[in-house]
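Working notes, beginning with the structure itself.
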Amino acid sequence: MNEITAAFVGGLFDQSGIAAWSRPVLFGTAGDAVRGYLPEQMHCCFVQDEREQALAGADSLPLDAGGRFAALGALTAQAHVLVLAAPFVLAEGDALTRLLDMHCDTGYGVSVLADTQQGYDAEGQPVPGDAPCLAAVFTGETLRQALDSGADTLDGLIAAAVDAGAQKGVAMTAEIVEICDGSTAFIALRALIDRVNFALIEQGVQIFDPANTYIAPDAQIAPGATILPGCHIRPGCTVGAGAVFGPITVLDKAVIGAGTKVDSSQVYESTVGSGTTVGPFAYIRPQCVVGDGCRIGDFVELKKSTIGDGTKVSHLTYVGDAQVGERVNFGCGTVVVNYDGYHKHQTVIGDDCFIGCNTNLVSPVKLGDRAFTAAGTTVTHDVPAGALSVARVRQTDLAGWNDRRRAQHEKKDSE
């Protein structure tokens, strides 16, 4: 594979001026989808119109004014060139790899990928159908000869190569969906969703509603996981066995441990341990690490914080820029006050602490192991291990005050 260069040929625009390779398709562009079918180490280049965005993971090669494929002349010194004439999604994700393997093993001058065939030739080779070819791999010399013919479609280059004496091979695959406008991008999206989701189902992942579950092709989901409707599992996610997600949950570059439940919540660029529950309606922002056996409950927000094993942050709480120990209990309405208007500050909470309801922890502050804050306390200084912190005004009751107030208002209303 190191001797093969992949060339994505741009210059494709629909009537609205949107570039085909930039069309959104399942958490990425159409170009990203095709790049994902190729080995990571493969050298790629993008024959790019000046109106097009660069393609991630590919070197840019300016589109030649002489035609869409003319710039490929700069690649003919390569041993082999995989030419991708338009973006597409594949029903079989390994189709391009099989095409490349066949080409290298057989020594064909040109090899094409097709999803329909008219029959077989005298040598038993498949004869492709009439659909335009979207992917073909050439030897460098064969590509040079084809370009010298002046052909400027991939089918034209293939025909020119055969006319020049190259032997052609055909690799068959299931459906190939070309992406050229909004409608075909949607069809491709549905095809990609089906391929990803049903492959996971066959591996033992339970997906309740495949049509309404969106999973990136690179997501790693262990057998035994359960995904409820409306979930978005974006690129870079890893999910352990027995985890349960949804409904309506978003994971983005998240690592989720075995047996963890994430209910109607969002987790971004963070790690959640095993046997933990998250949600409903929790928001875990980037750079968080949540331990095993934790509870991150409803309307809880975490930001750039570490939460120790067995800690419970049950509801209506914000924890930001904090290092929290094990088996800590947060009462409702707790706020880690990490921002002074200019800088963010750290809060450190030891093991086995109890944070009473409506506590404000004004950073920077440290609570030792087993510290206890009374409900309604605003902590501005460090709390020693095992201590109770009380910081609130002593209660005062004014007998009859509200009865007198109500009587005055009722008298005014009656006048």
Side-chain angles (χ1 to χ4, degrees), residues 244 249 256-257 259-268 270-341 344-397:
V244 180
T249 287
I256 308 297
T260 286
K261 298 180 179 180
V262 184
D263 177 8
S264 302
S265 298
Q266 301 188 10
V267 183
Y268 295 90
S270 295
T271 298
V272 180
S274 301
T276 288
T277 60
V278 178
F281 314 121
Y283 180 26
I284 299 180
R285 292 165 57 187
Q287 300 184 51
C288 289
V289 178
V290 179
D292 298 337
C294 294
R295 167 80 174 119
I296 309 299
D298 53 291
F299 304 104
V300 169
E301 181 177 344
L302 307 181
K303 175 257 180 184
K304 203 175 182 180
S305 295
T306 299
I307 308 297
D309 295 347
T311 287
K312 293 178 173 59
V313 190
S314 293
H315 35 216
L316 297 164
T317 291
Y318 171 72
V319 180
D321 298 287
Q323 180 179 332
V324 181
E326 298 181 356
R327 299 174 300 280
V328 175
N329 186 88
F330 281 79
C332 178
T334 297
V335 176
V336 174
V337 187
N338 61 323
Y339 185 49
D340 63 7
K344 303 291 178 66
H345 300 280
Q346 288 282 321
T347 291
V348 178
I349 301 173
D351 297 338
D352 300 299
C353 291
F354 186 96
I355 312 299
C357 292
N358 292 323
T359 292
N360 295 311
L361 301 172
V362 182
S363 307
V365 70
K366 295 182 179 180
L367 277 65
D369 294 344
R370 305 175 309 285
F372 192 116
T373 69
T377 292
T378 295
V379 178
T380 57
H381 302 288
D382 293 352
V383 180
L388 167 66
S389 178
V390 184
R392 60 191 184 202
V393 175
R394 183 178 298 277
Q395 180 175 328
T396 301
D397 299 326

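Fair warning: this is a prediction, and the values are worked out from it, not measured in the lab.
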Any sub-3.5 Å donor-acceptor pair from T277's side-chain atoms to V262's backbone N or O? no
For S363 and T347, work out which heavy atoms get closest and say how close. OG-OG1, 2.5 Å
Please identify each residue that fulfils salt bridge (Lys or Arg N to Asp or Glu O under 4.0 Å) with K304, with sequence neighbours left out. none
Examine distances only and state if a side-chain atom of D369 and a backbone atom of D351 form a donor-acceptor pair shorter than 3.5 Å. yes
Does any N or O in the side chain of T276 come within less than 3.5 Å of the main-chain N or O of G291, such that one atom is a donor and the other an acceptor? yes
Tell me if a side-chain donor or acceptor on S264 pairs with a main-chain N or O of T249 at a distance below 3.5 Å. no
Working to the nearest 0.5 angstrom, can you tell me the gap between E326 CD and C353 SG? 12.0 Å
When rounded to the nearest 0.5 angstrom, what is the spacing between CD in Q266 and CD in E301? 10.5 Å
Do V272 and V278 have side chains that get closer than 4.5 Å, going by heavy atoms? yes
For L388 and V383: C-alpha separation, side-chain torsions, deciding distance, then whether side-chain contact (heavy atoms from CB on, under 4.5 Å) applies. CA-CA 8 Å; L388 167 66; V383 180; over 6 Å; no
For Y318, which residues count as a ring pair (Phe, Tyr, Trp, His ring centres under 6.0 Å) partner, sequence neighbours excluded? none
side-chain contact (heavy atoms from CB on, under 4.5 Å) evaluation trace for H345 with N338: CA-CA 5 Å; H345 300 280; N338 61 323; 5.7 Å; no
Does a side-chain heavy-atom distance below 4.5 Å link V328 with I355? yes
Would a 4.5 Å heavy-atom cut-off, applied to side chains only, mark F330 and T359 as touching? no
Student check: side-chain heavy atoms of T378 and V362 closer than 4.5 Å: yes
Basic-acidic side-chain contact under 4.0 Å: R327, D352: yes
Got more than 12 heavy atoms from elsewhere within 6.0 Å of CD, Q323? no
Non-hydrogen atoms of S265 and P280 that approach each other most closely: OG-C, 3.8 Å
Do you know the tightest heavy-atom contact between V319 and I307? CG1-CD1, 4.3 Å
Side-chain donor/acceptor of S270 to backbone N/O of V267, under 3.5 Å: no
Within a strict 4.5 Å, meaning less than it, do heavy atoms of the Q395 and D397 side chains meet? yes
Students often mix this up, so state it plainly: with edges at 30° and 60°, are the rings of Y268 and Y283 parallel, tilted or perpendicular? perpendicular
Flag if over 12 foreign heavy atoms under 6.0 Å of NZ, K303: yes
Ring pair (Phe, Tyr, Trp, His ring centres under 6.0 Å) filter on F299, not counting sequence neighbours, yields F281
Would you say the side chain of L302 lies within less than 4.5 Å of the side chain of I296, judging by non-hydrogen atoms? yes
Does any N or O in the side chain of S305 come within less than 3.5 Å of the main-chain N or O of D321, such that one atom is a donor and the other an acceptor? yes
Tell me whether N358 contacts the main-chain N or O of A375 through its side chain, where contact means a donor paired with an acceptor under 3.5 Å. no
After noting the C-alpha distance and the side-chain angles of S389 and T373, does the key distance pass the side-chain hydrogen bond (donor to acceptor under 3.5 Å, both in side chains) rule? CA-CA 5 Å; S389 178; T373 69; over 6 Å; no
Find the distance between OG1 (T311) and CD1 (I349) and round it off to the nearest 0.5 Å. 8.5 Å
List the atom of G297, the atom of A282, and the distance in Å for their closest heavy-atom pair. O-CB, 3.5 Å
So, for C294 and G308, which heavy atoms are closest and what is the spacing to 0.1 Å? SG-O, 3.0 Å
Return yes if some donor-acceptor pair links the side-chain N/O of R295 with the main-chain N/O of G310 below 3.5 Å, else return no. no
Return the minimal non-hydrogen interatomic distance between R392 and A374, and the atom names on each side. NH1-CB, 3.8 Å
